[in-house]
Amino acid sequence: MPIQVTRSSMPSFEEYCEEIRELWDSHWLTNMGVKHNALTSELERYLGVKHVTLYTNGHLALENVLEAMHFPCGSEIITTPFTFASTTHAIARNGLIPVFCDVNERDYTIDTDKIEALITEKTAAILPVHVYGNLCDVEKIAQIANKHGLKVIYDAAHAFGVTKKGVSTACMGDASMFSFHATKVYNTIEGGALCYSDDALVQVLTDLRNFGLCGEEGRYIGGNAKMNEFQAAMGLCNLRHLEGEIEKRRVAVERYRARLSGVKGIKLCDEQPEVKSNYAYFPAVFDGYKYTRDEVFERLKANDIIARKYFYPLTNGFACYDSFETAGTDKTPVATHIAERVLTLPLYADLSVEDVDRICDIILQ
Ligand SMILES: *Cc1c(COP(=O)(O)O)cnc(C)c1O
């Protein structure tokens with residue numbers, strides 16, 4: 001059996017069946033049913049955040065929150081290119097301009113020393129990414145945003161379950177988006193959520209994800225982005241096991257660290273002080289000592305171990321952004337350097353220490 005880069009966490013078959021049993025009685029499958037509503041309140045409680053709005057996926061959540069903030073068309077949103085396509089596309093699909101800030105070399109989140117130079121009179125918001133579950137410098141970002149009157153929306157797709165001094169990533173910035181895709185630490189098969197405290201956003205987000213309808217009134221030109229009952233049921237089950245799954249990931253990560261830290265040619269992310277990690281990914285940067293990243297990738301693959309070049313290529317190098325003046329990987333040299341050298345190694349709750357050892361043996365060889 002090949003070792004894949006990830007493997008979805010799932011409850012037992014029996015637990016899920018029990019959770020969805022009442023749907024067979026009610027025939028209520030979607031549109032804000034009991035499972036959807038239960039998951040909304042459970043997440044508000046677990047995350048300690050005032051409002052959670054659930055979505056059928058994280059990407060549409062991000063598109064919706066940008067739309068809900070009513071930025072003038074052509075406004076600039078400062079973000080990073082070292083992310084999944086979704087982050088940048090959500091900006092551009094709203095008629096907004098992604099302005100790419102470089103990342104820092106410590107944890108590959110936005111380099112806060114480079115944000116202010118990118119601010120113009122058209123800048124409306126900062127959209128940083130807690131990439132790999134690494135927390136951005138949220139205090140510095142808040143300071144810059146306050147000084148310049150900008151909104152802050154976090155792409156927290158990787159950061160579910162991460163806290164700093166006990167405060168969840170859900171409570172940072174004006175809004176945070178989580179993805180509950182099958183490949184994430186916590187999944188609802190596909191799914192996503194927006195977390196925020198502004199009461200004024202509740203109605204507009206609720207309407208936007210349901211065709212912009214408010215009762216019979218067509219208030220917004222909305223789409224369809226509702227989470228269905230089967231997704232929510234999976235979420236209720238997986239939430240019961242989340243802490244245990246994160247603990248299992250921690251064991252795998254500590255083994256990786258024990259085997260690979262301090263090895264010449266391999267750079268790992270430092271652990272962040274005061275941050276409780278969710279151990280979402282294990283990125284390793286191969287600086288070309290003896291073998292390049294691509295050679296390591298191929299050697300692992302020859303051994304049926306699937307690592308991932310995540311994130312490569314950078315979104316500011318995508319062909320679809322060729323016509324954007326702000327695009328071009330040359331403007332973000334640190335992100336470019338990392339993207340050409342990084343591999344995320346296999347990591348999931350059920351990855352055994354023996355498998356971690358086998359992967360490390362091949363790399364060390
Ligand atoms: C997974 C992911 C998304 C999108 O989430 P979906 O739920 O798959 O739509 C957005 N941003 C980042 C960084 C992601 O990794």
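In this chain, residues are counted from 1 in sequence order.
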Electrostatic pair [X]:[Y] at N-O distance under 4.0 angstrom:
X      : Y      : result
Asp350 : Lys248 : yes
Glu254 : Arg250 : yes
Glu19  : Lys35  : yes
Asp361 : Arg259 : yes

For Leu345 and Ala284, the nearest pair of non-hydrogen atoms, with its separation, is CD1-CB, 4.3 Å
Nearest heavy-atom approach of Asn224 to Lys226 is OD1-NZ, 2.9 Å
For atom [atom1] of [X], decide whether the heavy atoms of other residues, nucleotides or ligands shown that lie under 6.0 angstrom number more than 12.
X      : atom1 : result
Met32  : CE    : yes
Arg93  : CZ    : no
Glu325 : CD    : no
Ile221 : CD1   : no
Lys276 : NZ    : yes

Using atom types as modelled and distance alone, determine if a side-chain donor or acceptor of [X] lies under 3.5 Å from a backbone N or O of [Y].
X      : Y      : result
Trp28  : Thr30  : yes
Asn278 : Ala280 : yes
Asn210 : Leu213 : no
Asn238 : Asn187 : yes
Glu217 : Cys214 : no

With sequence neighbours left out, the residues meeting ring pair (Phe, Tyr, Trp, His ring centres under 6.0 Å) with Tyr321 are His89, Phe324
Hits for side-chain contact (heavy atoms from CB on, under 4.5 Å) against Ala61, two or more places apart or cross-chain, chain-then-number order -> Tyr55, Met177, Leu194
Note, [X] side chain near [Y] side chain (heavy atom, < 4.5 Å):
X      : Y      : result
Thr169 : Val138 : no
Glu42  : Arg45  : yes
Cys171 : Val49  : yes
Lys50  : Asp199 : yes
Val202 : Thr53  : no
His337 : Glu105 : no
His130 : Thr109 : no
Gln231 : Thr56  : yes

Next item on the list: Answer yes if the ring centres of Phe180 and Phe160 are under 6.0 angstrom apart, and no otherwise.
Entry: yes
Give, for atom [atom1] of [X] and atom [atom2] of [Y], the distance between the pair rounded to the nearest 0.5 Å.
X      : Y      : atom1 : atom2 : answer
Leu150 : Ile144 : CG    : CD1   : 9.0 Å
Asp355 : Met1   : CG    : CE    : 10.5 Å
Ile91  : Glu76  : CD1   : CD    : 11.0 Å
His51  : Ser197 : NE2   : OG    : 7.0 Å
Ile363 : Arg299 : CD1   : CZ    : 11.0 Å
His181 : Thr188 : NE2   : OG1   : 9.5 Å

Audit row: Arg255, Asp357, salt bridge (Lys or Arg N to Asp or Glu O under 4.0 Å) steps and yes/no
CA-CA 8 Å; Arg255 188 65 175 188; Asp357 278 342; 2.8 Å; yes
Paired with Asn316, the side-chain hydrogen bond (donor to acceptor under 3.5 Å, both in side chains) test is passed by just one of Thr79, Thr336, Thr332, Asp330, namely Thr332
Grouping ILVMFWY residues whenever side-chain heavy atoms fall under 4.5 Å, the cluster of Val103 otherwise contains Phe82, Phe84, Tyr108, Val129, Val131, Tyr132, Tyr281, Val285, Tyr310, Phe311, Leu314, Val334, Ile338, Val342
**Message:** Under 6.0 Å from the ring centre and within 45 degrees of the ring axis: does the NZ or CZ of Lys331 meet both conditions for the six-membered ring of Phe100?
**Reply:** no
